[in-house]
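The structure appears below as structure tokens.
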Amino acid sequence: MAMAGRAIQVSSIIVILLGIASGSLSLPPDRSLHPRILVLVDDLTVKSSHSLFFASLADRGYRLEFKLTSDPSLALTSYGEYLFDGLILFAPAAEHFGGSVDIASILDFVDSGRDLILAADVGMSETLRTIANECGVEFDEDSNAVVIDHLNFAESETDTEHSLIAADTFVASSAILGEKGAEAPVLFQGIAHSVAPANDLVIKVLSASASAYSANPEVQLNGPPSLSGTSISLVSVLQARNNARVLISGSLSLFSNKFFVFPFKKFGSSTSFQRSGNQMFAEEISKWVFHERGHLKAVNVHHHKVGNLEEPSMYRITDHIEYSVEIYEWTGKTWKPYVADDVQVQFYMMSPYILKTLNHNGQGLYTTSFQVPDVYGVFQFKLDYNRLGYTTLAISKQIPVRPFRHNEYERFIPAAYPYYSSSFSMMFGFFLFGVVFLYHK
Amino acid sequence: MAGAAGDVKALFSSLKSAYVATPTKLKIIDLYVFYALCTAVIQVVYMALVGSFPFNAFLSGFLSCVGTAVLAVCLRMQVNPKNKEFKELSLERAFADFVLANLVLHLVIMNFLG
Amino acid sequence: MGSRSVGAVGSVFASLILLLIGVLAFSIRLFSVIKYESVIHEFDPYFNFRVTQYLSKHGIYEFWNWFDDRTWYPLGRVIGGTVYPGLTLTAGFMWWLVNSLNIPLSVETVCVFTAPIFSANASWATFLLTREVKGTGAGLAAATLLAMVPSYMSRSVAGSYDNEAVAIFALIFTFYLYIKTLNTGSLFYAILNAFAYFYMVCSWGGYTFIINLIPMHVLLCIVTGRYSARLYIAYAPLIILGTILAALVPVVGFNAVMTSEHFASFLVLVLIHVVAVAYHVKRLLSPQMYKMAVMFVGMVGMAGAITLGVILVTLVAASPTKGWSGRSLSLLDPTYASKYIPIIASVSEHQPPTWPSYFMDINVLAFLVPAGIIACFCPLSDSSSFVVLYLVTAAYFSGVMVRLMLVLAPAACILSGIALSEVFSTFTRSLKYQAPLTVESQGSQDMDPSKMNNLSVNSKLGEHSALGEHSSDKPEKNELKEKSSKRSRKKEKDKEVLLKASESDKKKRLLGLPFEASAVGIVLLVILGSLYVVHCVWAAAEAYSAPSIVLTSHTPGGLHVFDDFREAYAWLRHNTEENDKVASWWDYGYQTTAMANRTVIVDNNTWNNTHIATVGTAMSSPEKQAWEIFQSLDVKYVFVIFGGLVGYPSDDINKFLWMVRIGGGVFPHIKEPDYLRDGTYRIDAQATPTMLNCLMYKLSYYRFAEASMDGKGYDRVRRTEIGRKNFKLTHFEEVFTTHHWMVRIYKLKPPRNRLRGRAKKKAKLDVKSSKLTSSKLLPRKNPF
Amino acid sequence: MDSCRNGCLILALVALLCLSVSASPNVLSEADKKFGTELLIKSEGSVSTLEEKYQLLRSFQVLGIRREELITCSEVEAVLMSSTSVKDLFYASKCGETLLCSFQESALKTTVSRLLSSLDNTEALLDIHFSLGTLAFLKVQFPVALNDPVSIFQKIKVLSAEDGSWKYNPDDAGTSAKAAGTALETMGDLISLAGQAFDDAKIRYLKGVASKLFEFLEKYADDGTQFIDERPLDGLYGGGGPLAATSQVVKGVAVVASHTSGHIEVPAERVISVAKFFLTAGIHGSLLDMFHVLDGLGVLDKNRFLVPVILSVRPSVLSLSAKEVFKISTTTVLGSPVSATITLRKAVRANEKEPFLLNQVLESDETKGVHNLNDILNKLDIGSYDLTFKVKILEEGRYATEPITIRRVLVTGVASIPEVEVGVLDSDTGSTDYVKRWNPMSKEVVSLYATHLQKLYFGLDILSPRQEQFIPHQAFLKLKHETKVEHLFLLKPSGKKLELSLNLLGLVEKLNYLSGIYTIDLIVGDVAMENPVMWNLGTVELDLPEPPEGKVKLTSQAESPFKYGPRPEITHMFRPAEKRAPPTLSNTFLALTLVPLLGFLVGLKLLNTNMKNFPSSGLPVLAALLFHLGIGSILGLYALFWLKLNLFQTLKLLALLGTVLTVPGYYILSHLADASAPKVKSA
């Protein structure tokens, strides 16, 4: 699939990284330490109503900049330089943007490897739909439809349509949701979206229960709803091929102070929660989106024959070789060694000839050694590390494998002694015969 | 049947008598050829036993024997006084060719022996 | 005594003439250099050239062990083990020699001129061979003919640096040595013969022709009871030594004994030994005893023969492909290839030839050959029988593959040389013996000076003829020049003949023709010859010297040069990364590696059918699948050859059906009928959707409609308006297109960064218009 | 007259419009206050500056709680005496005000004088605000005399714009309402400091500004709440968002009102919708937000211009099964009851026209200030209703309330589903091939079998607690194939039942020809149902035709198990080595191959070969020796070649030896030839 293409771009990345990587932890960070984030709102009240979320970001060292979507001075870039490392789009109703920002520029922002958080809400604008759609997330066509779940809603005296969902089916990934995850259900009130199953870049982080459906509570249904059951995704994340990360939530109020501190009781269950899981969920997932977790990089890819350490330009079949690579994870501040037991390398030519799990020293150094197959050709060391919630590592290094040279074959084989002896006896015989024949009389 | 056997016996006796007449030099050659062929046969047997693994070695070994034999036969033909075709060809000239041929042959064999 | 001096003088003339023949052979092949430039020609030569460069740079051992990772990606190719090194080594040696003499020649120059040099050698070899068969006169005639026979010229013009260039020489020379050995029965020549054979094996896969022809001849001799010790000496050592030597060539290796192309020779070897023993015993025994022995041996031998047969059969069965490689099979069964191996069939030169091509390639020789055959049968010697056999087999094979016309050509030359010399000798002899009666009557005739000369001093005639020869090189009025030169050359021949004649005189005097008849005959012959020469020169100048890498066309504005190929390769060399993989149809693989120095997926050495089929499939698949296939092969660039704009007929669209067939041969989901509208191959509006959607079509005709002057997209090769215009490419992007659009290079787009959801067109439009439409305010909602 | 009527009509329409959309934010209940208090206490640890401390104090104050441990009067006094920044002084004094501290005059003389001097030489609104604010507080303790209040008044006034918005500084670009609020507050303080100095004109001007400020209100469409938006200018001066702006404006107006006689013209509904804005904002979130909300609410709760009164219906979701009753009350924003007479104008079931209850005055028990709505309970069935109230507040004047209030209430209860009919029908005749009554009590599953020529039938009826037919919002039937492919169908009401009949022939396309076992799930739910169900009715095995040519039968995208996570390892199978001969065998044959050589030697002996022909005389002997030596050496060379040399070295040496060899070779051979053959041919 994307192998070659990605391989190429990655190899170039490696070139860059090799420059950086001294392999130790004193790697100069190649990610900004105090990322600047533009928060686009269509109503400054959001600053207050969602202040807790923003506060948590600010505490983590992000420099937030609030702008109205209608602000005529809006710009993501100036003179080709991106002004921000991340973009938070908390303006569900924004039809248009001021200044130089439009859908295309926002998508370019993502395609330049930067991150985006997008929160929708009932009555979201076409513009936002388009952006979400470009990221592989399809919101319910009916803009008045909300997610309704008569079996899994949070009991509150203001909610008269069971649209305040208490969702607790999270994606099983500590990389995305942190070690603890969210211990309380997450409150959700908003619009449903779905993700094409074929799309393996988008992950459903928070999905609805089997009894949920998306409809307009005011009107009676006269047909099965377009979205229903577990196929409804409430919160999804996209990790683009260039590792840009996008968070798309069907509910803006999921991030609001109100929901953060909302004490509630889930319908049917006796346990009532002091506060919802929203705050934790929002903070953890924002950590992921802004690459504080699950961002890997591989450096110092190296391979050599057992014995001598410098990297040859070509191997011979049945050589014994060693392969090593260092993998680090970005913590938001530094690169710390990444430790996992499932990193694998392939020795690949059209199909993997050897696929081996690397063993590591706990300091991020992964190594293995194996014997080159007795097949010649142009092989690749392919390290293809694709784990849920982690940036994809796809590194391939090309190395030709040549057959034996004419003088590398086995000689003086015991099994062939008779042949040797006889041919030599022939030589001797010839010599003798020559003498005898010539001088006989 | 017995008649046939008798005939065969007679045949061989006559062959023998005819062969005794041949000069020693030719006999030497014959001996030489015989010796080469024996070696060849032994190798073939060996190959049949253990399979043709170092095939190049076998080939060279075998062909060196056969080659020697063939060259010797050529020599024999050339120096055979009974042979009308080679009146104008002296024994020594033939021998020189023979030596050259053998040297070449063995060079090649050595190269191929691996 | 007198004869002696004459012989000496004759030999001097002979050598002089040979020299001139050599010059002729060399110079007639320089048209390509003069008309175009000193470049390597079409496809394979580029590979050979590249290999030669490598050799000259890294030396023999490196070359021998060269594992080339820039072709057949990702399989790579062991050049040392898969190439016939003869040509390369020869050129490499010449280059080394020249440079060690401090003559600074580039490898390319050497390569360009290798072919002409060896054609000169070949003509000399022909002389030797023919002399062995029918004496000097025939030799000279044959040499002259061969020096300019078109079919040979087609493969050996300056710049066509291909195996055949040297192989033909090797072939003829091997035959010569064989005949020589056969005639002299000297072991020394047998050895030389083995070496010549070795050289042939190094040079060309066609060596199997020798290793089958010679046994056939031996068999023939034995059957016709012409067995002799000389035959044995000529044959047995050759086979033994030849086999080992052949096995030394990596590309042949054990095939020399494993595949059944070679079995015939071993069989005959066994046979000849049996026969030899038989003859020997016969000499020893009295007849009746011998009869008994025969009977006895017959009984034993029967059993032996049977076992032997069994062994052979098993061997054949054991050896791969029943021991017969595809090409050789297609030799025996002309329809084999087209039935089973599209790859082989797809190469034009593997097609059976047409009659015109016969005339084109060997011209008048076709008429002279029968005469030659007859000449060979009176009297029939071992050597002449060999020549005849050679001709017959070669004729058969050439009937199977155009390419083997090349093998036929020398045989034809030899035989027609023989024929010519015979005829001339007869005519001139009859002239000579009836001349005194009718001197005045022929005063006017243009033959008389020759006759006079024949009678009087030969030396003057020698100079005369020599002058004639030289004058033939000077520019004069064509027809006249030809006549004179031809005439003089003919004179040479009758002179030679006469020399021989003079030795054994009397009986010839009896069989003489009437004067007029012979005179007319000679005139006719001369005309015939001159026709041949004219044809050859034309062929050399026009037909065979175009180096297909640079094209020209004669426009009213004058000569127009199409140099698109080199333009494209230069672009690739300078604008792509060192290790990028470039995919194209295999015809252009060699050129890409040699000129662009980029890694290719497949090339002209078509040893891996599936790999080629993969590329064929990609070319004939829709864009997306194609993209995936190429991606899986790490391909970065794809280029196609497109002649639709300038009307260059041999472009990829015309080759496309072969891609489909080859691809379909391995991947059954590619079906040829899908690309044909009720049986006809078309690219206009009637073409099938599969055709219009396949990658080859898209890459060829992308942007063609708007670029072509009328905007209708008129394909000048197919002479029709293309079926699908103004389409977009989603997975490929055009990066370069040469001046005449003959080469179009595309780059594979990287995979999409994001995967879009099921997008609504309405939304798409909004993207564009979002900035423009006046902002209507949505009702604001209370975020709390 | 007519015109008047039309006008009234229009007005009524407008009123209805804005009312109908209004949702119902409840006033702060005790629970809310408790919750807010906890949050505030949590955030106590983090406060450091005086400003934050004041905000905390004030919030607590509004919630009716005193917490001295934040800051003590002595601390305040210390600040007041020492600090130089007017801001600190201001907030210190505010703290003091909240804590009702009192200081002795002597200590603060200097401060006062400093403030007065600073008043003279500042143009900035905030500075003046801070200074006057402090002075106004100090004035409570002991008299403070401003030098020239009028000039200060002018100073502030010059910052104003025509439309009633304000600047913070003379050189500010834009203006803002928040600033205006601040200005008003400052003016208020100014008046309180030097009341008599101002004539009615100024006072009128102030009131004009005050009432004009309520025209800056922005409005939220969904719940009709109104607020004052933040301007870019505010961003430069501490921002705080709309909450801050609104509360500031409210405060300003309140202050002016509190220091002037007579009342200020403010439209009542606006005040109410502002109050609603604060109520919707609620007291959660950051300290600052809560301060603004509470401050605003506090001001609105008791002020001198208008106190909004909110009608609240509790609970808004009423459970029949729990035997709950509606409690309607009219209170201020902070929940202090206001006695009023409430009339239920009409009660309408949602999505219906006809009211089933009309003008009815609710009786109230004055003790709790709560009105009861008991007698409609027995009329209510489950579902949602719109109740329209009319509120009449007894004491007129300072209270604002909306003339008409519509509340959406939801009545829930247990709906009963006695049984579910599951059947297989013949599609053309419609005759039932098989029918099963599925019982919710004993949930034993059914298992059906149907071909594409049949129909599946499902039917059930749902009864409300009042045994009426009830149509839930969600009544789905889900068919799920083994391969996780789901198909959802909607049960439609027909007659008294909810029915669904699936004509499988028409569905083969939709089910994309996927035969096999489907599990049947029934999901019924509604807002009003307290017992939503999701039952597994059983399974049905469908036998569908094969897909036609060309249509590929797509199976569900079963993603590869290795999409994430490691793949099984692969190791390369090396070619097995050729079988070697046992060394003993090869050695024996080694010996064997040498046997013929011996044989050859023996044979030579037998043939009694001799060396008679060996030259006797000197030179030929040498030649002969050299000759054979040469041959021998060449053979030796071959051996070497085999052992170590490469081809080229060998060939070089060979050429050398060869040339050497020829000389003696030629000599000896020709010698022998002469010797042996009497008849010599020149070869």
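For Thr593(D) against Gln43(B), the heavy-atom pair with the smallest separation is CG2-CG, 4.4 Å. Pairing each heavy atom of Glu92(B) with each of Leu669(D), the nearest pair is CG-O, 3.4 Å.
Only the side chain of Leu654(D) comes within less than 4.5 Å of a heavy atom in chain B; its backbone stays farther off. There is no contact between Val41(B) and chain D, counting heavy-atom distances below 4.5 Å. Contact of Leu597(D) with chain B is made through backbone and side chain together, with heavy-atom distances under 4.5 Å. Interface remark: Leu91(B) contributes no atoms to any contact with chain D (heavy atom separation under 4.5 Å). Within the 4.5 angstrom heavy-atom criterion, no atom of Ser670(D) approaches chain B. In this structure, chain B has heavy atoms under 4.5 Å from both the backbone and the side chain of Leu592(D). Heavy-atom distances place the side chain of Leu651(D), and not its backbone, under 4.5 Å from chain B. At a 4.5 Å heavy-atom cutoff, the contact between Leu604(D) and chain B is made by backbone and side-chain atoms alike.
Counting only distance, with no hydrogens or angles, the side chain of Tyr638(D) and the backbone of Leu103(B) share a donor-acceptor pair below 3.5 Å.
Taking OG1 of Thr609(D) as the start and NZ of Lys27(B) as the end, the distance is 12.5 Å to the nearest 0.5 Å. With rounding to the nearest 0.5 Å, the separation of CG in Leu635(D) from CE in Met110(B) is 8.5 Å.
The environment of OH in Tyr666(D) is sparse: at most 12 heavy-atom neighbours from other residues, nucleotides or ligands sit within 6.0 Å. Within a 6.0 Å sphere centred on NZ of Lys478(D), heavy atoms belonging to other residues, nucleotides or ligands number more than 12. No more than 12 heavy-atom neighbours from other residues, nucleotides or ligands sit within 6.0 angstrom of CZ on Phe34(B).
Looking only at heavy-atom pairs under 4.5 Å with chain D, the residue among Thr24(B), Ile28(B), Val99(B), Asn111(B) that has the most is Asn111(B). Options Leu37(B), Thr39(B), Leu107(B) differ in how many heavy-atom pairs under 4.5 Å they form with chain D, and the most are formed by Leu107(B).
Between Phe600(D) and Tyr32(B), the ring planes lie tilted relative to each other; the angle falls in the 30° to 60° range.
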